[in-house]
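A short write-up of the structure that comes next.
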Amino acid sequence: MKNKKTSIYKAKAISGYPEWLPEYRVIELQWFDAIRSVFESYGYSSIETPSVEELDALMAKGASDKEIYTLARLQADEESKKDKSDARLALHFDLTVPLARYVSQHFNNLIFPFKRYQMQRVWRGERPQKGRFREFYQCDIDVINIDNLPLHFDAEMPRVMHEIYQKLNLPEKIQIRISNRKVLVGYLLGLGIAEDMIADVTRILDKIEKIGSDNVVKQLTDDLGLDTKLAEQSLALSKIRGGKAKELINAVKALGVNNDLLEQGLTELFFVLDNLSDLPDGDVIGDLSIVRGLDYYTGTILEAYIVSDTDFGAVGSGGRYEDLTGSFINKKMPGIGISIGLTRLFSWMVDGGHLEPQRFSSTDILVVQSSSESYEVSMQTANILRNRGFNVELFHSAVKIKKQLSYAEKKGIPYVWFPPFEGVDVHEVKDMKSRVQLVADPENYIF
RNA sequence: GCGACUGUAGCUCAGCGGUAGAGCCCUCGGUUGUGGUCCGAGUGGUCGCGGGUUCGAACCCCGUCAGUCGCCCCA
């Protein structure tokens with residue numbers, strides 16, 4: 001190994017691309033299992049779509065403001081770059097657009113309403129930050145149907161979300177906040193705000209919790225030119241928040257704005273909140289400051305936050321879209337879906353020290369190798385134990401027992417097995433925790 | 001894309017103009033087949049990179065790259 005230091009590529013983490021040590025990865029896998037079992041308990045089917053889609057497909061919904069990673073071949077020369085036959089590929093930035101493509105493509109083979117779950121990495125080129133990654137897992141469920149989709153599904157989504165957060169053993173409460181874009185948009189239109197300003201106004205209203213009411217009014221007036229009264233009226237809706245469906249609806253009505261869309265939205269929101277009223281107080285609330293991305297959501301919208309750390313950002317979100325597949329197929333297909341931000345939530349747990357590191361490996365038994373001549377007997381012993389269903393590791397060289405025990409200790413392996421060796425013709429097993437060592441038969445020893 | 005701060009050993013950091021340091025980790029040892037402690041020894045650094053100032057730069061200046069946090073946006 002004459003590698004000159006100067007030629008070594010210094011190992012370093014790439015910002016925004018998280019990875020965990022084995023003792024935490026185990027827990028991440030447990031999370032996947034827990035989430036999957038809840039998804040399946042509600043009858044969702046699993047699919048997986050490729051990491052890439054054609055760039056045109058990803059952009060079809062006009063989501064061009066997302067930071068999309070495109071793929072390029074290192075060997076691509078000028079000639080092939082001009083080759084139009086190669087469609088440009090890009091990494092998906094969420095799982096909803098791939099779903100739309102998938103449903104359109106496999107339309108004839110799917111059963112509707114199509115309920116699917118998908119747990120995959122997604123990629124976004126945004127600048128990394130605390131809780132914000134460039135590569136991360138999203139765990140999604142969506143229901144998509146032809147022509148119309150019952151409102152019951154709008155209530156099922158937060159219920160599934162709630163169940164998952166319960167299952168993950170989190171140290172802090174997660175709150176699911178629900179609103180309805182028809183309420184928000186209808187209210188603002190009813191106030192007389194121009195349709196083409198709705199997006200800008202809602203974007204600012206969304207910041208109420210982060211920057212406070214005064215600053216919201218300031219931005220609405222300074223940046224958008226709303227007069228102070230209109231700004232305050234706009235804000236009035238966003239201040240409404242609460243658990244009881246009826247009171248929430250009445251509070252909106254008390255603002256005295258009349259608009260058909262608003263009425264429709266209130267009816268939907270009431271249905272959803274009322275349906276969830278059996279859940280513990282504060283776990284699910286109506287919150288009219290919720291805005292969500294403006295791309296395709298049209299009805300119910302929801303976000304989930306860590307109550308003690310809302311600045312950390314949403315750890316789950318979702319909503320209803322009137323027509324998801326419009327750009328892929330000539331059918332109207334409404335849907336509703338949610339996404340659990342697994343990586344964000346998991347990283348919060350790791351960084352906050354909320355996770356108890358697990359064993360480095362799942363090895364149950366380490367079989368000692370006494371000498372190079374005894375390799376055969378050690379291997380046979382390991383096989384016997386492995387055939388009985390245990391996870392067994394055979395130590396990789398005949399070094400001092402001290403080193404082999406130390407290895408087992410560090411890896412958290414609970415048992416060390418000593419096959420017969422010179423002078424001793426029985427097997428022995430040591431319980432690392434109690435330090436007790438006994439004569440044992442690998443064929444039938446009960447651990 | 002914009003702004004603030006930070007880059008010294010594998011990790012956490014000290015040093016802040018005069019020949020590179022600590023703790024942890026790792027390796028070896030404290031005799032015979034037995035791990036968590038303790039003791040001793042050792043390996044390991046282009047002080048992010050490139051210029052400049054200076055007799056002399058890890059330290060000062062400029063640039064650059066990277067990281068962290070915030071804005072934007074979002075899981």
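In what follows, chains are A, B, ... by sequence order, proteins preceding strands, each numbered from 1.
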- request: Can you sort out the partners of R132(A) under salt bridge (charged side-chain N to carboxylate O under 4.0 Å, His left out), two or more places apart, ordered by chain and number?
  value: none
query: With rounding to whole Å, what would you report as the distance between G44(B) and C62(B) at their C1' atoms?
result: 33 Å
Short heteroatom pairs, N/O only, protein and nucleotides 36-42 of chain B, under 3.5 Å:
| from | atom 1 | to | atom 2 | distance (Å) |
| --- | --- | --- | --- | --- |
| G36(B) | N7 | R435(A) | NH2 | 3.2 |
| G36(B) | O6 | R435(A) | NE | 3.4 |

Please tabulate, one pair per line, all N/O donor-acceptor pairs under 3.5 Å involving side-chain atoms of residues 416-438 of chain A, not counting sequence neighbours.
| from | atom 1 | to | atom 2 | distance (Å) |
| --- | --- | --- | --- | --- |
| W417(A) | NE1 | H427(A) | ND1 | 2.9 |
| E428(A) | OE1 | Q437(A) | NE2 | 2.6 |
| D431(A) | OD1 | K433(A) | N | 2.9 |
| D431(A) | OD1 | S434(A) | N | 3.3 |
| S434(A) | OG | V436(A) | N | 3.3 |

With sequence neighbours excluded, residues passing salt bridge (charged side-chain N to carboxylate O under 4.0 Å, His left out) with R386(A): none
- request: Name the nucleic acid region contacted by F133(A), choosing base, sugar-phosphate or nothing; use a 4.0 angstrom heavy-atom cut-off, strictly under.
  value: base
- request: Identify whether any heavy atom of A314(A) sits under 4.0 Å from a base atom; if not, whether one sits that close to sugar-phosphate; answer base, sugar-phosphate or nothing.
  value: sugar-phosphate
message: Please enumerate all residues that pass side chain to side chain donor-acceptor pair (under 3.5 Å) together with N215(A), with sequence neighbours excluded.
response: none
field: side-chain contact (heavy atoms from CB on, under 4.5 Å) involving D364(A) - partner list, sequence neighbours excluded
entry: R359(A), F390(A), N391(A)
Find every protein N or O atom lying less than 3.5 Å from an N or O atom of nucleotides 69-71 of chain B, and list the pairs.
| from | atom 1 | to | atom 2 | distance (Å) |
| --- | --- | --- | --- | --- |
| C69(B) | OP1 | K130(A) | N | 3.3 |
| C69(B) | OP2 | K130(A) | N | 3.2 |
| G70(B) | OP2 | Q129(A) | OE1 | 3.2 |

statement: With sequence neighbours left out, the residues meeting ring-ring contact (aromatic ring centres under 6.0 Å, His included) with F395(A) are Y407(A)
message: Among residues at least two apart in sequence or on other chains, which ones pass salt bridge (charged side-chain N to carboxylate O under 4.0 Å, His left out) with E40(A)?
response: R36(A)
- request: Establish, with yes or no, whether the OP1 or OP2 oxygen of U34(B) is under 4.0 angstrom from a side-chain nitrogen or oxygen of S406(A).
  value: no
message: Suppose you measure atom P in G50(B) against the same atom in C74(B); what distance do you get, rounded to whole Å?
response: 41 Å
task: Considering just the side-chain nitrogens and oxygens of K403(A), establish if one lies under 4.0 Å of OP1 or OP2 belonging to U34(B).
output: no
query: Distance only, no hydrogens: is a donor on one side chain within 3.5 Å (strictly under) of an acceptor on the other, for Q358(A) and Y24(A)?
result: no
query: Can you list, by residue number, the residues of residues 390-401 of chain A that have a non-hydrogen atom closer than 4.0 angstrom to RNA chain B?
result: K400(A), I401(A)
Salt bridge (charged side-chain N to carboxylate O under 4.0 Å, His left out) partners of D222(A), counting only residues at least two apart: K218(A)
Y44(A) six-ring face occupied by K115(A) cation (under 6.0 Å, within 45°): yes
- request: Map Q219(A) and G341(A) onto RNA chain B by nearest heavy atom, then report which one ends up closer to the 5' terminus.
  value: Q219(A)
message: Using a heavy-atom cut-off of 4.0 Å across all strands, would you classify Q437(A) as base, sugar-phosphate, or nothing?
response: base
- prompt: Does Y17(A) have any side chain to side chain donor-acceptor pair (under 3.5 Å) partners at least two apart in sequence or in another chain, and if so, which?
  reply: Y69(A)
task: Could you work out the separation of C2(B) and U46(B) based on their P atoms and round it to a whole Å?
output: 33 Å
query: Which is true for G316(A) with a 4.0 Å heavy-atom rule: it touches a base, it touches only sugar-phosphate, or it touches nothing?
result: sugar-phosphate
